[in-house]
Amino acid sequence: MLHLLITTLAAVGPAALRPQEGAPVPAETLVPSAASAPTQEPLPSTAPTQDPAGTPPAVPNAEPVPVPVPELPTWEPKYHDLDSVRALLERFAADATAAGLVAERLELGLTHSGLPSGALRLGRAEGGPLATRPALLLLGGLDGTSLTGSEAVLAVLAHVVAHPTELPPGTTLLAVPWAAPEALARTLQGAGDGRDGRPVDDDGDRKLDEDGPDDLDGDGQILELLIEDPDGAWARGADSRFLVPAKPGDSPRYRRMAEGRDDDGDGRFNEDPPGGQALMSAFPDGFAPSGSLSTGLTLPLEDEQARSLCTLIAKSRALAVLALQGDHGALAPVALDTPAERASAELAARALARPGARVEEPLRSAFELGRDPGPGSALRWTRARLGAFVAEWAPWGPEVERAASGAAASPAAARRDGEELAVPLVVDANAALERAWARWLDDTRGGIGFVEWHPVDLGPGRRALVGGWLPFTRRNAPEVALANVLAPVPAGVLRLLAQFPRLEPVFTEARREGELCFLRARVSNKGGFACSSAENGAGKLAVRLVLGGEARLVAGSDAIELEPLAGGAASREYAWIVLAPAQSTFTCRVDLPWGGSVAAEVRP
Amino acid sequence: MKPFYLVALALLAQDPVADPTPRPVPDAPPAPVERAPDAPVQDPARTAQGEAPATGAETARVNPPEPAAPPALAWDGSAPRTPEELEALLARFSTAWPASVRVEAIAAAREGGRTWRASVTRAAPEDEARLPALLLVPATTSAADGAALGRLLNACAGLLERAAREPAVEARLARCSVQFLFATEPTRAFQGGWPEPALDYPVGWKGGVGRPPHPLHEPETRAIAEFLLQHPSIGVLAFEAPSIAAPYELGAPAEARAPGGSLERFAREYLGAGLAAWSAFPAELANAADPAAARGVAAERLVLLLDALPRLEASEPKLERVRPDLWVLEVELANRGTTGTLEGSAAARERSSAWLDVAGADLAAVAGARSRPGAVYEPLAARANHLELGHLGGGESVRLRLVLRGAEGAEARVVVRSLRAGAVEVVVPLR
């Protein structure tokens with residue numbers, strides 16, 4: 001009789017419900033919050049101390065002052081500031097625990113101006129420690145401008161804690177809703193360009209932030225400025241409101257920049273605004289420093305927050321990483337270089353597709369969509385480091401409201417008027433996106449949301465045009481549309497998680513002839529996702545045959561390294577001959593690339 | 001000949017020193033320019049080396065002289081074996097040469113070990129950060145080698161001994177500084193054996209299994225990187241490489257010896273410093289039983305290395321009156337060092353490493369011709385009496401033609417400052 005027992009060897013039960021002590025995150029950068037972290041002993045003190053802010057030292061035997069417990073907010077589809085986001089994370093952590101999920105609140109380091117940043121790790125109670133499960137990492141607003149992306153991450157968390165059974169067992173959801181706190185705070189205030197506001201000498205003139213944007217036309221908005229220039233890179237498109245990359249012979253051509261005057265009189269406009277470092281481009285992947293030696297160069301991962309985010313990513317064991325950002329409404333994988341990566345991308349695109357939207361156009365990489373992050377790319381670094389499937393997923397785009405309302409889906413709409421979307425050039429992808437936004441503006445918003453180009457005076461003899469998209473139109477969804485925009489996001493994420501690999505070792509033969517036992521086994525991936533999307537050595541499996549005390553291996557290897565298994569695939573069969581007394585049991589154990597192991601036991 | 005003054009302003013080598021955390025530069029008052037006396041003062045260092053004395057005066061606030069007799073250091077030249085021994089020895093250096101060496105810990109490892117800097121200069125402390133600087137470090141590949149540490153310490157001691165007894169060396173150290181870094185990998189430095197270097201700097205950094213998640217992960221590495229960025233006046237980083245025959249190799253041969261993730265590569269790429277592989281002793285002395293005996297040789301080789309530092313000089317200017325209030329001033333500006341005012345990719349990244357300012361007259365127009373004698377003067381873009389000169393390679397010069405507008409009798413002052421090559425001032429009465 002063949003006894004096959006599938007056992008998850010990773011820790012389960014009450015231990016898994018506790019905060020994960022010793023989670024692979026260095027103590028100096030990532031600190032579990034008080035809700036989940038082991039309490040640290042206060043350091044002994046020999047003398048009364050006073051903090052720099054002048055807070056008086058604690059007085060012995062003083063009456064305890066009741067500390068008001070802040071009421072935790074509930075999530076609503078609107079734009080939140082950092083304080084609200086952090087309060088929501090506390091709320092989600094509390095609700096998740098109450099709902100029987102395992103939740104870990106993680107604190108990232110501080111930004112240069114002292115802003116805090118947090119993360120939340122969630123999973124079902126069963127399935128071992130969160131840190132040893134395959135994880136989906138969601139990064140909200142990593143680009144520093146996509147507040148809609150941040151809200152999308154919060155929407156996922158709100159949904160999961162409200163519907164805990166929808167979270168697939170054996171997986172971890174790791175969410176960083178406000179991944180770039182400084183830049184997102186600036187965007188929320190209407191001044192963001194994705195950078196963290198640290199003073200940097202962008203133009204190398206040994207002055208800091210001396211030529212930034214200005215409201216030239218007094219409308220209270222900083223929009224775009226067009227300066228006519230025969231060498232400019234932009235020209236008006238067929239719809240003269242919108243610009244397209246200039247082609248030979250195009251005239252007039254424009255230089256395109258933020259609205260503002262030449263504050264420092266150097267003949268250039270807004271070339272040194274309040275800027276700093278963009279977290280998206282601050283990672284050690286071909287990082288290029290900015291600034292000047294005279295006033296200070298930027299180093300990669302300058303902030304403690306950036307370094308702790310980097311460490312969190314590196315130790316996340318994420319199989320898939322989604323940066324929720326952008327205005328294209330699509331999934332843009334960082335690369336599509338390997339068959340496994342392409343397969344993961346296609347699977348992810350199907351899982352994340354909005355209801356009513358068809359996935360018929362060929363997948364485009366971030367580069368093809370003009371979203372190549374450039375030197376220092378956080379996403380490229382993540383892909384190389386983890387061997388994970390890494391993509392930008394834009395919850396907002398010109399076709400999102402169409403899809404939500406059940407109107408024509410994106411490819412068909414894009415082909416209206418004979419326009420062809422599927423052109424593999426960045427400029428054409430950009431042009432198609434511009435046309436789609438034009439349709440959105442006219443069809444959905446009745447033209448409201450874009451300020452027509454109008455002339456402004458730049459000083460003696462110089463004229464230019466000012467206009468462009470109003471805030472919370474294109475870069476981020478209008479707040480009134482947020483509920484519809486975000487509604488399908490959680491389901492997509494959960495569909496993706498449900499496709500994560502589920503590895504099972506299976507004995508296909510267990511036969512005894514006297515003292516000799518003949519064993520065969522293989523490993524199957526019951527999920528749709530591959531164990532690794534890259535070809536960098538990540539995702540390998542270690543298969544071991546564990547023998548009892550008196551058993552002796554006659555043939556076969558007791559430790560085998562398996563290449564990563566594709567979704568739905570099975571390994572070849574491995575065979576062993578073992579000399580063992582009657583009633584001996586054998587275990588085929590598979591060490592998983594993200595930690596923990598699964599095993600099958602047999603007694604031939 | 002028209003009367004003029006030419007002043008080398010080594011102490012005004014740069015604008016405000018960079019900070020690792022960029023922050024706005026306050027409206028600092030202009031750096032004081034010390035006018036040269038009418039009579040030129042000879043530079044003993046130049047005279048000693050057979051150079052023509054500079055026309056003008058060096059302006060340097062120098063420290064009090066050291067005792068004429070070299071102090072007894074009571075050190076046999078052997079390498080310290082523990083962090084405590086290193087710290088104690090450096091303290092003895094400070095005591096022996098109080099006006100010439102300053103020692104401080106600039107970084108600390110998680111495990112507690114510290115990286116020490118010894119700054120050797122005859123200039124006053126307040127000017128030190130602005131002086132062109134030579135940085136000496138152990139090679140990354142031998143950062144854990146006790147013998148390498150010993151050679152560097154002997155070179156430092158040898159230089160201090162020579163400066164105390166030779167006015168020429170003392171004068172050179174009044175115009176620049178030599179910065180030594182000891183125990184750049186403090187945890188490994190005293191471990192013994194040949195532990196793998198951390199290679200934690202961001203240029204050519206490699207991740208992977210067992211590696212930290214990002215470069216500058218170790219606190220001492222980050223502190224050293226920030227120290228370098230705070231000192232953009234470092235013109236040359238020399239790492240001690242005992243295997244080379246020549247006193248030093250500059251440029252490509254040295255760069256080939258610097259592995260990815262090393263301090264050397266970082267200094268080259270971020271700081272745009274010249275990179276030199278430098279040996280304290282010739283091969284036959286490298287393993288000498290008495291390292292102290294070879295100290296003088298190391299000092300001599302160090303003084304030679306100072307020639308690699310970029311150094312601005314200006315020729316005698318020519319003034320021509322072309323209109324009643326319009327003057328053409330021609331002057332040639334040269335980098336006399338063998339290293340550029342900015343090197344490598346940093347030279348492409350930064351717009352300029354030398355800047356010209358005019359006072360006492362209006363700069364109506366300016367043109368320049370690089371190096372070649374017959375080169376055509378090309379118009380240059382100046383704004384508000386300020387001109388970015390770009391970069392000057394090692395040994396490169398640029399001839400400048402400045403059209404000045406000013407009343408007869410006015411005194412035009414042309415100041416050229418640089419990031420790390422010192423500064424010169426040309427003062428010309430318009431008459």
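Chain naming here is simple, since letters A, B, ... match the order of the sequence lines and numbering starts at 1 in each.
- Taking CZ of B/Phe266 as the start and CG of A/Leu299 as the end, the distance is 5.0 Å to the nearest 0.5 Å.
- In plain terms, the two heavy atoms of B/Pro232 and A/Leu293 that are nearest each other are CG-O, 3.7 Å.
- The backbone N or O of A/Asp203 sits less than 3.5 Å from a side-chain atom of B/Arg351, completing a donor-acceptor pair.
- For B/Glu196, the CD atom sits in a loose shell: 12 or fewer heavy atoms of surrounding residues, nucleotides or ligands are nearer than 6.0 Å.
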Does B/Glu350 form a side-chain contact (heavy atoms from CB on, under 4.5 Å) with A/Leu297? I'd like the steps, not just the answer. CA-CA 10 Å; B/Glu350 305 264 336; A/Leu297 284 183; 3.8 Å; yes
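- Per-residue counts of heavy-atom pairs under 4.5 Å with chain B were compared for A/Gly265, A/Gly291, A/Ser290; the largest is that of A/Gly265.
- Of all the listed residues (A/Ala314, A/Pro284, A/Pro289, A/Cys310), the one sharing the greatest number of non-hydrogen pairs under 4.5 Å with chain B is A/Pro289.
- Shown here for B/His214 and A/Leu301, the closest heavy-atom pair between the two residues is CB-CD1, 3.4 Å.
- To the nearest 0.5 Å, atom CD of residue B/Glu226 and atom CD of residue A/Glu302 are 7.0 Å apart.
- Only the side chain of B/Glu388 comes within contact range of chain A, with heavy atoms under 4.5 Å apart.
- The contact between B/Leu271 and chain A is made by backbone and side chain atoms together, counting heavy-atom distances below 4.5 Å.
- Neither the backbone nor the side chain of A/Asp285 has a heavy atom closer than 4.5 Å to any heavy atom of chain B.
- Listed here is the closest heavy atom pair of A/Ser294 and B/Trp355: OG-CH2, 3.8 Å.
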Begin from the C-alpha positions of A/Arg307 and B/Arg222 and carry the test side-chain contact (heavy atoms from CB on, under 4.5 Å) through to its verdict. CA-CA 12 Å; A/Arg307 294 196 290 277; B/Arg222 178 165 290 274; 3.0 Å; yes
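- In this structure, A/Thr298 OG1 and B/Tyr270 OH are separated by 7.0 Å, a value rounded to the nearest 0.5 Å.
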